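Okay, so here's the structure we're looking at.
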Amino acid sequence: MSYAIIGSGNVGAALAAQFARSQIPVGIANTRGPESIAPLASELGALVTPMSLIDALRANIIILAVPFRAHSLVAQAAPDWNGKIIIDAMNTYGVSPEELQGLASTEVVARAFPGASIVKTFNQLPAKLLAKDPAQDGGRRVMFVASNDEVASASAAKLVSDLGFAPINLGKITEGGALLGMGAPLILQNLIKLS
Ligand SMILES: NC(=O)c1ccc[n+]([C@@H]2O[C@H](COP(=O)([O-])OP(=O)(O)OC[C@H]3O[C@@H](n4cnc5c(N)ncnc54)[C@H](OP(=O)(O)O)[C@@H]3O)[C@@H](O)[C@H]2O)c1
């Protein structure tokens, strides 16, 4: 399984740090090109590879860590999304419910990536907390996962676990996944699963 993070800002860098800490290779891309990510990559080590957007989009699992509206630009950068898993780590800051046309934001993302399986996760913690070691107080920091596709959800949950978090499956996007929307109850909770 290959992984890429699109976005090298607060969330992209936090996730890249988790991949590096967990010794899992990952590509990372932004709008400004691989050179702009070189300082972050040299800080995190050889497993974090700066890439062009086109190259990063070849990964099996692609994490969107871009401003919400930018997802459609990312979607236009590849001709075909069949077989890909897209992880929506975005929140809808500044986006009105009217703009979402009454849909859950992850449903809007799914429409932009036809053929891909979409999973919502990594959106619920502030970037500074997301970057920290998920091992805390004898347990692991919880990361909720929601998807309409059970196979994709399981793949994303495995990644969440491999990065050190405790995945909790919320089921489908419009069911348990609704608890991960802006202002919803499972945003900014910092829960620890003891086990
Ligand atoms: N900040 C938080 O604490 C937090 C927590 C949870 C979720 N979120 C969500 O996570 C997402 C990212 O937030 P952030 O704070 O990390 O934002 P950010 O610091 O502004 O970083 C955004 C990144 O997206 C890249 N980008 C923008 N448009 C792109 C495009 N068309 N193609 C490729 N890359 C593109 C930018 O590239 P350049 O570097 O080249 O400009 C930048 O690296 C947002 O949806 C936000 O709502 C944020």
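These numbers were taken from a predicted model, which means no experiment stands behind them. Both counts, for ligands and for their atoms, begin at 1 and track the order of listing.
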Test side-chain contact (heavy atoms from CB on, under 4.5 Å), reference Val95, set Met182, Met90, Arg69, output is Arg69

ask   = What's the shortest heavy-atom distance between Met143 and Val160, and which atoms?
value =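 Shortest heavy-atom separation between Met143 and Val160 comes out as CB-CG1, 3.5 Å.
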
Next item on the list: For ligand 1, list the protein residues that place a heavy atom within a distance below 4.0 Å of one of its atoms, sorted by chain and number.
Entry: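 The answer is Ile6, Gly7, Ser8, Gly9, Asn10, Val11, Asn30, Thr31, Arg32, Ala65, Val66, Pro67, Phe68, Ala70, Leu73, Val74, Ala89, Met90, Asn91, Tyr93, Asn123, Leu125, Pro126, Ala127, counting any residue whose heavy atom sits under 4.0 Å from ligand 1.
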
Working for side chain to side chain contact (heavy atoms under 4.5 Å, CB included), residues Ile187 and Asn123:
CA-CA 8 Å; Ile187 294 281; Asn123 70 305; 3.7 Å; yes

Side chain to side chain donor-acceptor pair (under 3.5 Å) pairs touching residues 164-173, sequence neighbours excluded, are none

Checklist entry - Side chain of Ser153, backbone of Ala146: donor and acceptor closer than 3.5 Å? => result no

Worksheet item: Under the 3.5 angstrom rule, does the side chain of Glu107 hit a backbone N or O of Ile173 as a donor-acceptor pair?
Response: no

